[in-house]
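As structure tokens, the structure follows; a few thoughts come after it.
To find a chain, count down the sequence lines: A is the first, B the second, and so on, and within it residues start at 1.
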Amino acid sequence: MKIYEYQAKEIFRNYNIPTSKEKIAFSLDEAKSVAKNLTFPIVVKAQVLVGGRGKAGGVKIAKDINELESHVKSILGMNIKGLTVKKVLLAETIKIEAEYYVGITIDREKQSAVLISSASGGMDIEQVAQTSPEKILTIVIPSFLGLKPFQSRNVGYQLFNDANLVNNFISITTNLTRIFFDLDCSLVEINPLALYSVNNEKKLIAVDAKIVFDDNALFKHPDMAALRDIESEEPSEVQAKKADLSYVKLDGDVGCVVNGAGLAMATMDLIKRHGGNPANFLDIGGSSSPEKMRAAMKILTADKNVKAVLVNIFGGITRCDDVAQGLLWAMKEENIALPIVARLVGTNQDKAKALLTDSPITFAETMTDGVKKVIKALKG
Amino acid sequence: MKIYEYQAKEIFRNYNIPTSKEKIAFSLDEAKSVAKNLTFPIVVKAQVLVGGRGKAGGVKIAKDINELESHVKSILGMNIKGLTVKKVLLAETIKIEAEYYVGITIDREKQSAVLISSASGGMDIEQVAQTSPEKILTIVIPSFLGLKPFQSRNVGYQLFNDANLVNNFISITTNLTRIFFDLDCSLVEINPLALYSVNNEKKLIAVDAKIVFDDNALFKHPDMAALRDIESEEPSEVQAKKADLSYVKLDGDVGCVVNGAGLAMATMDLIKRHGGNPANFLDIGGSSSPEKMRAAMKILTADKNVKAVLVNIFGGITRCDDVAQGLLWAMKEENIALPIVARLVGTNQDKAKALLTDSPITFAETMTDGVKKVIKALKG
Amino acid sequence: MAILINENTKLVVQGITGRDGSFHTQQMMEYGTKVVAGVTPGKGGSDVNGVPVFNTVRQAKEETYANSSIIFVPAQFAPDAIYEAVDAEIDLIVCIAEGIPTLEMVKILTFLKGKKTRLVGPNSAGIISPGLCKVGILPALAFKKGKVGVVSRSGTLTYEIASHITKAGYGESTVIGIGGDPIIGTNFVDCLQLFQADKQTEAIVIIGEIGGTDEEKAADFIIKNMTKPVFGFIAGQTAPADKRMGHAGAIIAGGKGTAKEKIQAFEKAGITVIYEPEEITDKLSKVM
Amino acid sequence: MAILINENTKLVVQGITGRDGSFHTQQMMEYGTKVVAGVTPGKGGSDVNGVPVFNTVRQAKEETYANSSIIFVPAQFAPDAIYEAVDAEIDLIVCIAEGIPTLEMVKILTFLKGKKTRLVGPNSAGIISPGLCKVGILPALAFKKGKVGVVSRSGTLTYEIASHITKAGYGESTVIGIGGDPIIGTNFVDCLQLFQADKQTEAIVIIGEIGGTDEEKAADFIIKNMTKPVFGFIAGQTAPADKRMGHAGAIIAGGKGTAKEKIQAFEKAGITVIYEPEEITDKLSKVM
């Protein structure tokens, strides 16, 4: 689960990671009132849960209250990658002398949390990693000890010449690690971590902030779970989550209902391979309850792009006749008239076939058969 | 560093370990007023930093306010193993059905913290360990993971038949472990951990509480360090600590000033071996500063039992002439007239010998020689 | 010979009295698995389908000599269940439980280093050595004793592909679901190593998916160490970036872990890539 | 041959710019120890007595090929210094620092398991292989190259006993202060093992004290594995219970770790027990 920059910054401040002086505003009026306690120039930053707001014009610097007003007006309500901007962060600007990157994430290959640092901050770190991997410094964080000061020091002296800055860096990375472990994160990131001067002393400050939590661990952190912004999520995905379905909306026209994540992806791939376009990923899990089937069909068909549906079930514990019955019930209750192809194989597949004989549902024998039939139904 | 039962109990309660309803009182008046909010019978417990208060008559049950008054009167001011009782803990009694022992300490051999449990609670656990080691259950606590619930469960089902009691036990031991690691303890102990019934439900409760902190880690826990009761400590040892000396008072009459803990113990042993009685352990450490020497001599000679002093120095980094000079200065400043034997060997030993030639100090060549001379001086 | 589990497997079911635990205990026993004990704290002394239930794994092992364990307890309690089985020196732990926090798994794997216990999973469908033993939730009907080793990050997709192998008559030596989480105890390479050494196994099928680099590491390993023919399938070619596709581990994060990269790695390693499950039959027929 | 340190020891001094660090660097260099580098964060680029100072151990090792380290930083920073040296794959760490919290040491030893680095100390006086190398604060004057191995939990008491061995002409192969703390990296048994295998060492002196059971374990080991003659001394026969005698580790806690028990264990193991430091000369003369 992602949270907004301003929320992440608040967590940073609680962990003694320095940030700019800043305030969140939900409206123009609020922005104007908030600006009174800040010193110009002020940067106005769109708060959205996707990257690329800068390029979209979601970050602008105001040198006075008039500019601020016009920036806030233009940013609030802006659409960035499908998300509407509903709040802006107003932050005092600093004179940035250099930009660094520092983040902590899980390295699957190393089976560990890692601290990633780079002198190439302010840029897309993934791109840096691909084009100039030598600019990326990676440190494995021992899971039982946490990040040790010497580890930050090893990195710090590669980034900075100044012992005070290294100590700054040690403190920031240590606190970042505490956030990562305390709150079960999958990512905490400062990009850019900016170098600036106050009274001739060089200091580091978090100019941006990103925190992503491990969904599986949110039950341990109810206060973090409460930060979830349901409004920013795809409504159909929210609905699916409620029904205990794993659903991801895509752009195609062939809806799919599958049991199992791997099989669901394979089904999408096969649709594409045979010239179709999958409308979604949907894993109904191990259960074959009619309620789940109904919720799945309802979510699928609410997507107006969907023109046909493929049901692909490998029944092991799941019984195919249960699925068939659930499907028929869902179609009736939800008044579904779309062409549906069902491929139900495994436990009680013959019973399922019999159940569907007199229905408008087309029965398919294999995955490939099902995919071909659903594409034919669509184009037919 | 040890703390009092009532202080340990407060920490227990902060960590959700159940204790009796109880209150501390520093005077008879306070005790009477505190008792108003408690239900009789009330147990009056002397608060002292040594064991064996029960045998000394420091724990008494009062069934009414009159008994309470007389118990408090008899216990306050009582002397237990040299310590004066200055406070009493008043606790509501429970009907104990069984007594257990549970404690966490460092096992030096296993190089780890261990959870020690026994169904033989309420007794001296060290004695149980010697006479019936099979009654002691020891679990190594993995230092990076802390005590895992399954570990407590493995022990719990050996102590209790009742799943609720096991869950009680898991919660108590888990919290005890948190105290141990959070506060850098060298011992946390509940003895007895009592089994009693409330509304027909069996429960566990900490009837006594003991916490000892690791002196070396107290700098991390200033709030715990603040619990130190200097008044209860041997004044000469407090004074020594201030002067950065390591000093332990004993009952003998030969004072010793030594550099190094091992050599100091060996010096004591040698005095005993040759028929004397060491008055103290004293390690002045690696430094040979005249101030330290003076503090050491002052502390030693303040002990009226001390009739002669042996100074035993193996000078490596420490220079013998420095020590000799410090010694002469200390004698003069503190007006010391006791017989002193100095054995100064190592760096600049000849200069030291020269310095002491015209002084009343007897010079010795070896440890054994020094010990023999100081005993001779004493017996006159 | 099969790998990991066989007729000598003596299984303890952790969480045997739960809905899934009791159901699959019955399924596994019907398949012939020697389920010797169950563990549910507080239920010690009772039994499930005639299987004695103990309060602790240690007790269960002492009484029944169990050497393998399957974990059905909820994610919240699963880490403790794993530690308990490791502490009791169980040889093989198969963790079905899904939803264990990633950092818990990182700790568990660190703890496991140097220990003799092997962990499969979490979020695994389990293991089956057809005809010999089943430790997991895989449906018996998809499998038959034979000569193809199958290792997969997925559940139903595995059944799908295995069922074609079964239908074609080749059958499987052992089928392993290594689990759909980002951090897992046993990976592709571990299984490939075992299959390479296993006499019963004549060909191997790897079923991968987007996310991580386990498939790439498998490809590297195959180049250097494998002589048996290997077939590969990768799910998620049409999956968008930064979206978790059901499994916690099936996510293209930071542009890494795409199906394209994995298929390329497979091809470079000489693995026969299949693009539709039913293709496996044809491809296998070329080498068997 | 000596053990642990010799003419091939290349030493990095962690905390070289501190009072003790810089003083003993000079002392060690005067003795002939190859002090190749120092580390003090923030002082990188400077030098102490001509020894280059680095910001990190890793850097120091890369530039100077240091293989051993001595730690003089205050207790509060010593654990990090130890971890840093382990991470840089230094072979031998001698920790002079005193006052490290016990639970920190427990963690460090757990972390060290399976690593190739050996830790001596903390609260150690160091090691000397007379004539070859000195890594510690031991005064050179007490030692001379020879054939007796000495291992001790103490500092000055070791110098005292060694000086008798030196004076008698036997000299020492290596003298090791293992440290006065309750949890230490290298114990008596580790050193006995090395001495038994060392050709230069013909007899061994163990200097123990109250607290713990390290002496008892040494006695057990000697019964089973040692052929060279062993002499033992135990300090603290007159120490009261439950009082820390200077060293954090020198305490009779819970009635355990008394001098009496240790002397008995020594006698049972056939160790010649000495009761006065100067006795060592006579006793050694019986076997050498």
Part of Phe233(C) lying under 4.5 Å from any heavy atom of chain A | side chain
Between chain A and each of Ala253(C), Gly155(C), Gly257(C), Gly249(C), count heavy-atom pairs under 4.5 Å; write down the option with the most.
-> Gly249(C)
Given a strict heavy-atom distance threshold of 4.5 Å, which part of Glu104(C) is in contact with chain A: side chain, backbone, both, or neither?
-> side chain
Taking the six-membered ring for Trp and the single ring otherwise, decide whether the centroids of His24(C) and Phe72(C) are under 6.0 Å apart.
-> yes
So which of Pro277(C), Pro240(C), Ala235(C), Ala239(C) has the largest heavy-atom pair count under 4.5 angstrom toward chain A?
-> Ala235(C)
Short N-O contact, Lys373(A) and Asp369(A), less than 4.0 angstrom | yes
Let me see the working for His274(A) and Glu276(C) under side-chain hydrogen bond (donor to acceptor under 3.5 Å, both in side chains), right down to the final yes or no.
-> CA-CA 10 Å; His274(A) 286 274; Glu276(C) 309 205 7; 2.6 Å; yes
Pick one of side chain, backbone, both or neither for Ile207(C), based on which atoms fall under 4.5 Å of a heavy atom in chain A.
-> neither
Under 4.5 Å from any heavy atom of chain A - which part of Pro182(C) = both
Any ion pair linking Arg273(A) and Glu279(C) (charged N to carboxylate O, less than 4.0 Å)?
-> yes
When the 4.5 angstrom heavy-atom criterion is applied to Glu278(C) and chain A, the contacting part is side chain
Per-residue contact mode, Lys217(C) against chain A (heavy atom under 4.5 angstrom) = side chain
Is it the side chain or the backbone of Ile100(C) that comes within 4.5 Å of chain A heavy atoms, both, or neither?
-> backbone
If you count heavy-atom pairs under 4.5 Å with chain A, which of Ile234(C), Thr156(C), Thr213(C) comes out on top?
-> Thr156(C)
Could you tell me which portion of Tyr247(A) (side chain, backbone, both or neither) has an atom closer than 4.5 angstrom to a non-hydrogen atom of chain C?
-> neither
Quick one: do Glu216(C) and Lys262(C) make a salt bridge, cutoff under 4.0 Å?
-> yes
Arg153(C) versus chain A, heavy atoms under 4.5 Å apart: side chain, backbone, both or neither?
-> side chain
Heavy-atom pairs under 4.5 Å with chain A are the metric here; pick the option from Leu138(C), Ile183(C), Ile137(C), Asn187(C) that has the most.
-> Ile183(C)
Would you mind checking which part of Glu160(C) comes under 4.5 Å of any heavy atom in chain A, side chain (CB onward), backbone (N, CA, C, O), both or neither?
-> both
Is it the side chain or the backbone of Lys243(C) that comes within 4.5 Å of chain A heavy atoms, both, or neither?
-> side chain
When you check the gap from the basic side-chain N to the acidic O, do Glu261(C) and Lys256(C) get nearer than 4.0 Å?
-> no
Which portion of Ile161(C) sits near chain A, non-hydrogen atoms under 4.5 angstrom = neither
Go through the atoms of Ser154(C) and report whether side chain, backbone, both or neither lie under 4.5 Å from a heavy atom of chain A.
-> side chain
Distance only, no hydrogens: is a donor on one side chain within 3.5 Å (strictly under) of an acceptor on the other, for Ser186(A) and Asp214(A)?
-> no
Can you find a heavy atom in the side chain of Leu192(C) that is under 4.5 Å from one in the side chain of Ile206(C)?
-> yes
Select one option (side chain, backbone, both, neither) describing which atoms of Ser163(C) are under 4.5 Å from chain A's heavy atoms.
-> side chain
Report yes or no: is the cationic atom of Lys115(C) (NZ for Lys, CZ for Arg) under 6.0 Å from the centre of the six-membered ring of Phe111(C), at an angle within 45° of the ring normal?
-> yes
Largest heavy-atom contact set with chain A, pairs under 4.5 Å, which of Ala75(C), Gly211(C), Ala125(C), Gly208(C) = Gly211(C)
First locate atom SG of Cys185(A), then atom CD1 of Ile3(A), and finally report the distance between them rounded to the nearest 0.5 Å.
-> 8.0 Å
